[in-house]
Amino acid sequence: MRNRILLLFALFLCTCVTAQTLEGVAELNGLRIDHQKKAMLVLGGWAVGNIGAGLALRSNTTGETRRFHEMNAIWNGVNLAIAGIGYWSTIREDPTALDAWGSLQADVKFQKILLFNAGLDVGYMLGGLYLTERGKRAGADRDQLTGYGKSVLLQGGFLFLFDLANYFIANGRQEGYQLMLGTVGDGVGASLRF
């Protein structure tokens, strides 16, 4: 009788620990999913703002400035599609569907994607610098090359900061540090808290 009571007590404890662990995993998955949703909303907001401003300002300007705004609108059409697809995929994700191992794999995959994208963003910025420099020596295409180059440099710079900030936010959930972005005085600043 005593052994049966101990066995039942042990099973009860295991059930309680397992339930708490599953709740913790679901909570972590929920945090990751919420972070991804917010990231896609930020990217989508940036895209919509750039498309609207790019189209409006393109029609009121000429030369290099016209081409700059034109490329901003074009580039952010792609960003808007990426943000839409990313947001759509996160709203379909169930935070309780993954176990602890699956949750860890999903988080690591997200962080790897962000780091890979940050590397691509450096390439975009270098491409923008190349176009800008090439525009200095070009004849008829000077305005287009220079305007497009400056736009690609701006968009690559934004995406680089966006991907790194999201990487640090995602990694901070595990490591215990936090990246804060916001306005500082008359500018924008970032701080990393450990």
Side-chain angles (χ1 to χ4, degrees), residues 26-59 61 65-98 102-129 131 147-175 177-183 187-192:
E27 183 180 339
L28 288 176
N29 284 332
L31 290 172
R32 177 183 49 79
I33 291 168
D34 285 344
H35 173 215
Q36 288 176 326
K37 283 181 189 176
K38 289 175 186 173
M40 292 302 100
L41 288 173
V42 168
L43 182 61
W46 171 263
V48 168
N50 273 272
I51 291 169
L55 292 175
L57 295 172
R58 179 187 180 275
S59 62
T61 56
T65 306
R66 177 184 175 97
R67 297 304 188 158
F68 172 80
H69 294 302
E70 181 178 274
M71 179 52 80
N72 283 343
I74 293 167
W75 186 280
N76 281 284
V78 175
N79 279 348
L80 186 59
I82 291 169
I85 292 167
Y87 188 82
W88 181 71
S89 69
T90 58
I91 61 172
R92 296 180 58 226
E93 196 170 345
D94 179 13
T96 61
L98 296 175
S103 176
L104 179 63
Q105 285 180 317
D107 210 31
V108 168
K109 179 183 175 186
F110 179 57
Q111 291 177 35
K112 284 182 179 180
I113 289 170
L114 291 169
L115 288 178
F116 178 76
N117 284 346
L120 288 177
D121 301 337
V122 171
Y124 300 149
M125 289 186 288
L126 291 173
L129 285 173
L131 289 174
Y148 280 13
K150 289 179 179 180
S151 174
V152 171
L153 187 59
L154 170 71
Q155 299 303 326
F158 166 77
L159 290 173
F160 181 73
L161 293 174
F162 173 81
D163 288 329
L164 281 185
N166 281 296
Y167 170 78
F168 283 118
I169 291 168
N171 202 16
R173 286 193 309 270
Q174 297 172 354
E175 303 296 329
Y177 57 84
Q178 203 173 30
L179 179 69
M180 305 295 287
L181 300 172
T183 57
V188 177
S191 67
L192 185 59

Quiz item: Roughly how far, to the nearest 0.5 Å, is the CG atom of Asn50 from the CG atom of Leu55?
Solution: 10.5 Å

Practice problem: Rounded to the nearest 0.5 Å, what's the gap from CG on Asp121 to CZ on Phe116? Could you check? | Solution: 10.0 Å

Quiz item: Which pair of heavy atoms, one from Ser151 and one from Met71, lies closest together, and at what distance?
Solution: OG-CG, 3.3 Å

Quiz prompt | Where Pro95 and Gly30 come nearest, the two heavy atoms and their spacing | solution = CB-N, 3.8 Å

Quiz item: Can you find a heavy atom in the side chain of Trp75 that is under 4.5 Å from one in the side chain of Leu159?
Solution: yes

Quiz item: Can you list the steps and then say if Ile113 with Lys109 is a side chain to side chain contact (heavy atoms under 4.5 Å, CB included)?
Solution: CA-CA 6 Å; Ile113 289 170; Lys109 179 183 175 186; 4.1 Å; yes

Quiz item: Below 4.5 Å, heavy atoms only, C-beta onward: do Thr61 and Phe68 meet side chain to side chain?
Solution: no

Quiz item: Which atom pair, heavy atoms only, marks the closest approach of Ala39 to Asn166?
Solution: CB-OD1, 3.5 Å

Exercise. Can you measure from CG (Leu131) to NZ (Lys150) and round to the nearest 0.5 angstrom?
Key: 12.5 Å

Self-check item: Validation row: Arg32, Asn29 side chains within 4.5 angstrom (heavy atoms)
Solution: yes

Quiz item: Can you name the closest pair of heavy atoms from Met40 and Phe162 and give their distance?
Solution: CE-CZ, 4.5 Å

Quiz item: Do Tyr167 and Asp163 touch side chain to side chain, with heavy atoms closer than 4.5 Å?
Solution: no

Quiz prompt | Straight-line distance of Leu80 CG to Ile85 CD1, nearest 0.5 Å | solution = 10.0 Å

Self-check item: Main-chain N/O of Ser103 paired to Asp107 side chain as donor or acceptor, under 3.5 Å
Solution: no

Quiz item: How are the rings of Trp46 and Phe158 set to each other: parallel, tilted or perpendicular (split at 30° and 60°)?
Solution: parallel

Quiz item: Closest approach of Ser59 and Ala56, non-hydrogen atoms and distance?
Solution: OG-O, 2.9 Å

Self-check item: Intermediate values then yes/no, side chain to side chain contact (heavy atoms under 4.5 Å, CB included), Leu114 and Phe110
Solution: CA-CA 6 Å; Leu114 291 169; Phe110 179 57; 3.7 Å; yes

Quiz item: Taking atom CG of Leu120 and atom CE of Met125, what is their separation to the nearest 0.5 Å?
Solution: 11.0 Å

Quiz item: What heavy-atom pair brings Arg58 and His69 nearest, and what distance separates the two atoms?
Solution: N-CB, 3.9 Å

Quiz item: Atom NZ in Lys37, atom CH2 in Trp88: separation rounded to 0.5 Å?
Solution: 14.0 Å

Self-check item: Backbone N/O of Ile33 and side chain of Thr90: donor-acceptor pair under 3.5 Å
Solution: no

Quiz prompt | Student check: side-chain heavy atoms of Ile74 and Tyr148 closer than 4.5 Å | solution = yes

